[in-house]
Amino acid sequence: MQNLLAFFYRYAFVFLFLLLEFISIRLIVNRNDIQREIYLNSSSILSGKMYERIGKIKSYFGLQEVNDGLAAENAALRAKLAEMQLQTAGSVDSVLDTTTHQRFVLLPAQIVNNSIELTNNMITINKGSLDGVKKYSTVVESNGIIGFVTQVGSRYSSIMSVLNSNARVSVMVKRSGYIGNLVWDGNSPLLMNIEAIPKHGNVQIGDTIVTTGFSHFPKGHPVGLVTRAFVLPGENFYLIQTKLFNDIAKANYVYVVDDLHRTEIDSLSQHTKE
């Protein structure tokens, strides 16, 4: 114990210098937008590379399961290809397609870091601005939703998982069309709640929940199945629990969804609020 105290006493000025250096860097990053952006991008690259190496080791031991999943996913995506485009009768000039109005562009990516045990969980993927990822894009699997892009580095991006207390996704009951908000209560990573569906919505256990398209997820994308639905006495809205189709704890390959109509929609929404 005496030797430990002597060590700290001997190098007290070094520790003090490092502490002051750390405080100075934190102040610079927090008070300057440019330095904060550099810090976020740099830390994203460094942590992303580390997580990617770890992820490659884990992926090696699950190649068969991944291949089977990709084969099923490709089949499902081919079947849904027509749903991702709106056919038009006449010829339409477009830099993307001359015969269709294309709204969504999907970019494949791999998860290199993922948390599910926190209140506000985040995910890191191995694609960034150099690959075309944009801030606020949505992220999906073929059979479920993942989250929203919150930070974009040059080669890696951070995703706000739907298993995050700050995440809100507009969803609807497929059978009836009633709309609500998907939220997470911080408990099971397989179960989420749906708010704001009125009691006359006639929600039933087993109903399929899909996206509305209002949160920039493709409309009708699968979310989960209703496992509980009831209205408390004197209340006007359902308490609904849904089990997600996808297990985010096992998520590996995902798609970043770029909504090509986002700028126009957001601009009109902003003018409506003013």
Side-chain angles (χ1 to χ4, degrees), residues 76-77 79-80 82-86 101 103-104 106 116 119-121 136-150 159-249 251 254-255 257 259 261-262 264-273:
L77 288 175
K80 291 184 177 181
E83 299 174 15
M84 298 295 292
Q85 298 177 331
L86 301 176
H101 283 310
R103 177 172 175 179
F104 300 104
L106 275 64
I116 63 168
T119 302
N120 296 315
N121 293 291
Y136 304 125
S137 295
T138 55
V139 183
V140 302
E141 288 184 304
S142 61
N143 64 331
I145 58 177
I146 296 294
F148 303 87
V149 177
T150 56
I159 312 299
M160 178 192 291
S161 170
V162 292
L163 304 180
N164 188 304
S165 64
N166 297 313
R168 295 289 186 277
V169 181
S170 178
V171 296
M172 69 177 177
V173 180
K174 185 176 181 180
R175 177 179 56 83
S176 63
Y178 280 96
I179 294 172
N181 294 316
L182 187 75
V183 297
W184 192 51
D185 60 9
N187 293 314
S188 171
L190 291 174
L191 302 174
M192 299 191 69
N193 298 325
I194 300 177
E195 301 175 342
I197 292 185
K199 63 181 181 182
H200 59 271
N202 188 28
V203 181
Q204 301 176 11
I205 294 176
D207 275 344
T208 299
I209 303 299
V210 297
T211 54
T212 62
F214 298 164
S215 301
H216 298 287
F217 285 96
K219 183 177 180 180
H221 197 77
V223 175
L225 291 176
V226 173
T227 55
R228 294 176 63 193
F230 58 92
V231 180
L232 293 174
E235 298 294 330
N236 294 315
F237 296 94
Y238 269 99
L239 294 176
I240 301 172
Q241 183 182 78
T242 182
K243 182 178 181 181
L244 298 177
F245 285 129
N246 58 323
D247 185 350
I248 296 179
V254 297
Y255 295 94
V257 181
D259 185 351
H261 295 181
R262 183 180 194 115
E264 181 178 357
I265 293 172
D266 288 350
S267 177
L268 291 172
S269 298
Q270 184 61 36
H271 285 308
T272 302
K273 294 177 182 178

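Other residues, nucleotides and ligands contribute over 12 non-hydrogen atoms within 6.0 Å of the CZ atom of F230.
Residue E141 comes nearest to I146 through the heavy atom pair CG-CD1, 3.7 Å, listed as atom of the first residue, atom of the second, then distance. The heavy-atom pair separating L225 from G206 by the smallest distance is CD2-O, 3.6 Å. The two atoms that bring R175 and V203 nearest to each other are NH2-CA, 4.1 Å, heavy atoms only. Residue P222 comes nearest to S142 through the heavy atom pair CG-O, 3.9 Å, listed as atom of the first residue, atom of the second, then distance. Across every non-hydrogen atom of W184 and L191, the tightest pair is CD1-O, 3.4 Å. Summarising the geometry of L182 relative to T242, their closest heavy-atom pair is CD1-CG2, 3.7 Å, with the distance given to 0.1 Å.
Looking at T119, N120, D185, N121 one by one, the single match for side chain to side chain donor-acceptor pair (under 3.5 Å) with S165 turns out to be N120.
The ring of F217 has its center closer than 6.0 angstrom to the ring center of F148.
Residue I197 holds its CD1 atom at 11.0 Å from CG of N202, rounded to the nearest 0.5 Å. Rounding to the nearest 0.5 Å gives a distance of 7.0 Å between CG of D247 and CD1 of I116. The distance from atom CG of N181 to atom CD1 of I240, rounded to the nearest 0.5 Å, is 11.0 Å. The structure places CD of Q241 at 9.5 Å from CG of N187, a figure rounded to the nearest 0.5 Å. With rounding to the nearest 0.5 angstrom, the NZ atom of K243 is 8.5 Å from the OG atom of S188.
For the pair H221 (side chain) and V210 (backbone), a donor-acceptor distance under 3.5 Å is absent. A donor-acceptor pair under 3.5 Å is formed between the side chain of T211 and the backbone N or O of P218. The main-chain N or O of H216 is found under 3.5 Å from a side-chain atom of T138 such that the two form a donor-acceptor pair. A donor-acceptor contact shorter than 3.5 Å links the side chain of D259 to the backbone of H261.
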Under the side chain to side chain contact (heavy atoms under 4.5 Å, CB included) rule, what do I194 and Y178 come out as? Steps first, then yes or no, please. CA-CA 11 Å; I194 300 177; Y178 280 96; over 6 Å; no
Please determine whether side chain to side chain contact (heavy atoms under 4.5 Å, CB included) holds for the pair V223 and L244, giving the CA-CA distance in whole Å, both sets of side-chain angles, and the decisive distance to 0.1 Å. CA-CA 6 Å; V223 175; L244 298 177; 4.1 Å; yes
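Here the side chains of L239 and N193 are not in contact, with every heavy-atom distance at 4.5 Å or above.
Under a 4.0 Å N-O distance rule, the pair D207/K174 does not qualify as a salt bridge.
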